[in-house]
Amino acid sequence: MPKTKFPPLVAGNWKMNGTLASLEEIDKLKEHLKNADPACDIMICPPFTLLFPMSERLGDSRIAMGGQDCHWEVSGAHTGDVAAEMIAETGAAACIVGHSERRADHGETDEIVSRKAAAAHRAGLVAIICIGETIEEREAGKTLDVISTQLKGSVPSGSDAANTIIAYEPVWAIGTGHTPTTEQVAEVHAHIRKELAGIVGAEEAEGMRILYGGSVKPANAAELMSVENVNGALVGGASLKADDFFGIIKAYM
Ligand code: PGA
């Protein structure tokens, strides 16, 4: 089994959920982690409005923070957008780019995702680059081709195991309660690792973390996280409540 250079990562993507009151969940998560030492990194990616207050609330805890998206430019006339440098200033360590909801809701192409990932790198953030097939693509037997195309188009030059994480999220598994079989996850993750070698070089590809995302819950986390080449999880719905999220982190205890 390839040994990545970094511990597995369990990252929570709060999506468009959370107000100041939700920071209570951070306190609860910190409480859970007081007497636990899971063998993984832990991160929460809240909406932009919560980045600064969450950073303060996290204090010196082991929980890292990330943004959910960024613009590719440093500043300028882009109403409603947020630059990677602005996200970095909040204390964030990473930024998700290319989530399928952004690709679908905002028409983001691989080219745009690549520019956003490069912007995250420029700002000193780890880019968590999301890829994944739709149900139509899977049923047409195109999953591995789609993954190859997305990887080639979305991973910018300069990517390495330290500044980039790949998240495989089958679109049909996100928020649906449906998950791929462990065989399907293993097949795609092995394919990603192989394709990455051609993009970032064999050594960086070996060291790069590849997360699985899509309906990860406390009940299925241990099984999914035990699959070869799965180096952590990107968690949506089940990251909103500290009890559930900690239930997933327990896969690494
Ligand atoms: P989900 O979302 O865990 O709610 O399925 C995962 C994601 O979109 O990152």
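Order of appearance sets the numbers: ligands from 1, and atoms from 1 within every ligand.
Nearest protein neighbour of atom 2 (O) of ligand 1, counting heavy atoms only, is Lys15 NZ, 3.2 Å. Protein heavy atom closest to atom 4 (O) of ligand 1, with residue, atom name and distance, is Gly237 N, 2.8 Å. At the top of the distance list for atom 3 (O) of ligand 1, counting protein heavy atoms only, stands Gly236 N, 2.8 Å.
The shortest N or O to N or O distance between Glu101 and ligand 1 is not under 3.5 Å. Between Glu169 and ligand 1, an N or O atom pair is found at a separation short of 3.5 Å.
When each of Val216, Ile63, Val10 is paired with Phe245, the side-chain contact (heavy atoms from CB on, under 4.5 Å) condition holds for Val10 and for no other.
Using a 4.0 Å cut-off to heavy atoms of Asn13, the atoms of ligand 1 that qualify are 9 (O). Within ligand 1, counting atoms from 1 as listed, the ones closer than 4.0 Å to a heavy atom of Ser215 are 1 (P), 3 (O), 5 (O). Within ligand 1, the atoms closer than 4.0 Å to a non-hydrogen atom of Gly175 are 1 (P), 4 (O), 5 (O), numbered from 1 in the order shown. Of all the atoms in ligand 1, the ones that sit under 4.0 Å from a non-hydrogen atom of Ala173 are 5 (O).
Taking a 6.0 Å sphere around CD of Glu73, one finds it holds more than 12 heavy atoms contributed by other residues, nucleotides or ligands.
Classified by interplanar angle (parallel below 30°, tilted 30° to 60°, perpendicular above 60°), the ring pair Trp72/His78 is tilted.
Between the side chains of Trp14 and Gln68, no donor N or O sits under 3.5 Å from an acceptor N or O. Side chains of Arg209 and Asn229: a donor-acceptor N/O pair is absent below 3.5 angstrom, by distance only.
The CG atom of Asp110 lies 13.0 Å from the CZ atom of Arg115; values are rounded to the nearest 0.5 Å. Rounded to the nearest 0.5 angstrom, Ile249 CD1 and Ser239 OG are separated by 10.0 Å.
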